[in-house]
Amino acid sequence: MVDTDSTGRSLADFLLDRIGEDEAVARRAWEQQAHADGPEPRTALQTHVARHSPSRVLVACEARRQIVQNSLDVDAEQAEELMALEPAGPSELPPEQTVGEVAFFERVLRYLAVQYADHPDYERQWRP
């Protein structure tokens with residue numbers, strides 16, 4: 001479904017690796033935070049850091065992972081067949097998977113990956 005890099009690695013694989021890295025950092029921070037006793041945030045930077053707490057990052061990581069996993073459920077061969085069809089009407093397309101769904105997941109993964117555009121493994125072809 002989604003382009004691969006020169007080694008055959010997909011955008012979904014790239015995203016799952018980055019999400020795993022974000023999650024690992026957030027888990028370590030969450031464990032440290034659980035043992036720390038400190039004053040409430042006072043500066044704008046401290047307020048920003050508190051707003052993006054490890055627990056919030058962990059929830060976001062799981063949400064992004066589920067989005068990527070759902071995109072992997074799209075059958076690439078079936079998607080290619082669907083894109084080649086010229087149906088007489090919508091009833092000729094499988095109701096659970098349409099060309100629009102395939103295109104939607106493609107766009108979603110590309111937009112999710114933008115935040116990692118500075119990563120050395122990010123491929124320019126993955127830009128939205």
Answer whether the closest heavy-atom distance between the side chains of [X] and [Y] falls below 4.5 Å.
X	Y	result
Val68	Arg65	no
Tyr116	Leu15	yes
Gln69	Leu16	yes

What distance separates [X] [atom1] from [Y] [atom2], expressed to the nearest 0.5 Å?
X	Y	atom1	atom2	value
Cys61	Ile19	SG	CD1	6.5 Å
Leu109	Leu72	CG	CG	7.5 Å
Leu58	Ser55	CG	OG	7.0 Å

Set of residues satisfying side-chain contact (heavy atoms from CB on, under 4.5 Å) with respect to [X], sequence neighbours excluded:
X	result
Gln115	Arg64
Ile67	Val108, Leu112
Val59	none
Arg127	Tyr122, Arg124

Note to self: On a heavy-atom basis, which atom in Pro54 and which in Ala26 lie closest, and how many Å separate them?
What the structure shows: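 Smallest heavy-atom distance, with atoms named: CB-O, 3.2 Å.
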Next item on the list: Provide the closest heavy-atom pair for Trp126 versus Asp121 in the form atom of the first, atom of the second, distance.
Entry: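 Taking every non-hydrogen atom into account, CZ3-O, 3.7 Å.
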Notebook entry, point to check: With sequence neighbours left out, what residues match Glu21 under side chain to side chain donor-acceptor pair (under 3.5 Å)?
Noted result: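 Result, side chain to side chain donor-acceptor pair (under 3.5 Å) vs Glu21: Arg18.
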Item checked: Results of side chain to side chain donor-acceptor pair (under 3.5 Å) for Asp17 - residues two or more places apart only ->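 Partners of Asp17 under the side chain to side chain donor-acceptor pair (under 3.5 Å) test: Arg9.
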Notebook entry, point to check: With under 30° as parallel and over 60° as perpendicular, where do the rings of His119 and Phe14 fit, or are they tilted in between?
Noted result: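 Correct class here is perpendicular.
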Checklist line | Pairing residues for Arg27 by the salt bridge (Lys or Arg N to Asp or Glu O under 4.0 Å) criterion, not counting sequence neighbours | finding: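 Applying salt bridge (Lys or Arg N to Asp or Glu O under 4.0 Å) to Arg27 gives Glu23.
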